[in-house]
Amino acid sequence: MADRTRMEDVEILERGNIYFFYRPAVGEQVPQGLVDVQRFHFVLSPEGKEIFRVVTVGKKRLPEPDDSGQRFWGFVEKVARNSEEVMEELERGPMRDGFGTKRSARPAGEGVYALARHGNHTHLLYALELPEEPDEVQRELRIGKQGSYLVSVKNPQAGSPPSVGLDEERKAEFPEELQEHFGDRRFIALEPDFLDYEGAELLVMGSEDDPGEELGIDLAPECESEETANLFQELEIDRERHPVEPLLTGKWA
């Protein structure tokens with residue numbers, strides 16, 4: 001059940017763990033920058049739910065956190081019931097491409113997050129726990145020590161411009177009680193329940209609000225290490241298949 005704790009006009013809808021991943025492009029053994037990255041994902045593991053949501057961001061990075069004019073499209077690629085399903089999604093396709101290069105996703109960050117309603121919009125807030133200090137990988141993917149983003153969900157029954165969004169067969173089919181929230185609107189502020197449906201399309205944009213000051217939310221990140229990282233315990237990641245240097249050192253692998 002969502003944590004409905006109120007902090008003045010801010011309502012916390014959900015808390016949990018967040019994990020960031022990138023997949024190298026075809027033929028790239030060790031990426032050197034964004035041009036060598038094929039896909040970028042974050043995984044949400046909400047408290048109180050036995051579920052994982054794999055979200056893909058179309059621009060292969062997060063928006064500038066303080067630029068509300070940047071609007072990045074994303075979608076829920078996978079709703080998994082266990083860690084094995086998450087890893088299968090992140091390993092989807094051949095483990096090696098035609099060049100003999102391993103192309104499984106690499107972890108690029110671990111932290112805690114909250115979804116919070118503030119007025120008529122919803123924030124995705126996070127605080128990074130690993131790596132201890134963001135480095136080249138995190139700078140390129142715009143994974144800062146903390147972030148605050150506005151997130152909206154698209155009405156799957158509304159049209160999209162040509163070549164934008166998912167094909168009709170991949171779009172989410174929300175139950176009637178959720179679909180009714182849209183009315184005749186194309187986008188509405190995200191509610192956590194929409195994330196439980198594969199194909200849910202999202203609009204992610206920067207926000208000038210600071211999670212600690214303007215919103216008054218303490219995400220309470222912990223000091224993690226390789227031995228205590230939730231990513232290894234909760235997702236049971238195979239270090240041979242998913243190089244972990246970007247998570248621990250912030251360096252490309």
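What you are looking at is a predicted structure, and each value in this text was computed from that prediction instead of being measured.
When the ring-ring contact (aromatic ring centres under 6.0 Å, His included) test is applied to F72, no partner is found at least two apart in sequence or on another chain. Scored by the side-chain contact (heavy atoms from CB on, under 4.5 Å) test, P107 finds F21, L231, I237, H242, V244, L247 as partners (sequence neighbours excluded). In this structure N82 satisfies the side-chain contact (heavy atoms from CB on, under 4.5 Å) test together with E84, E85, sequence neighbours excluded. In this view, F182 and F194 satisfy the ring-ring contact (aromatic ring centres under 6.0 Å, His included) rule, not counting sequence neighbours. In this structure Y113 satisfies the ring-ring contact (aromatic ring centres under 6.0 Å, His included) test with no other residue, sequence neighbours excluded. Residues satisfying the side chain to side chain donor-acceptor pair (under 3.5 Å) criterion with E173, sequence neighbours excluded, are absent altogether.
One finds the CD atom of E64 at 13.5 Å from the OG atom of S207 (value rounded to the nearest 0.5 Å). The distance from the OG1 atom of T249 to the CD atom of E226 is 10.5 Å, given to the nearest 0.5 Å. Between the OH atom in Y126 and the CD atom in Q146 there is a gap of 8.5 Å [rounded to 0.5 Å]. From F42, atom CZ reaches atom CG of L141 across 13.0 Å, with rounding to the nearest 0.5 Å. Atom CG in L124 sits 10.0 Å away from atom CG in L150 (nearest 0.5 Å).
Under the 3.5 Å distance criterion, with hydrogens and angles disregarded, no donor-acceptor pair is assigned to the side chains of Y22 and E140.
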Review point. Can D135 and R139 be said to form a salt bridge (charged side-chain N to carboxylate O under 4.0 Å, His left out), step by step?
Key: CA-CA 6 Å; D135 206 322; R139 285 196 298 269; 3.4 Å; yes
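At a threshold of 4.5 Å between side-chain heavy atoms, the hydrophobic network of Ile, Leu, Val, Met, Phe, Trp and Tyr places W73 and V55 in two separate groups. Transitive grouping of hydrophobic side chains (ILVMFWY, heavy atoms separated by less than 4.5 Å) keeps F75 and L115 in distinct clusters. If you chain together hydrophobic residues whose side chains sit under 4.5 Å apart, L235 and F20 never meet in one group.
In terms of heavy atoms, L219 sits closest to A127 at CD1-N, 3.5 Å.
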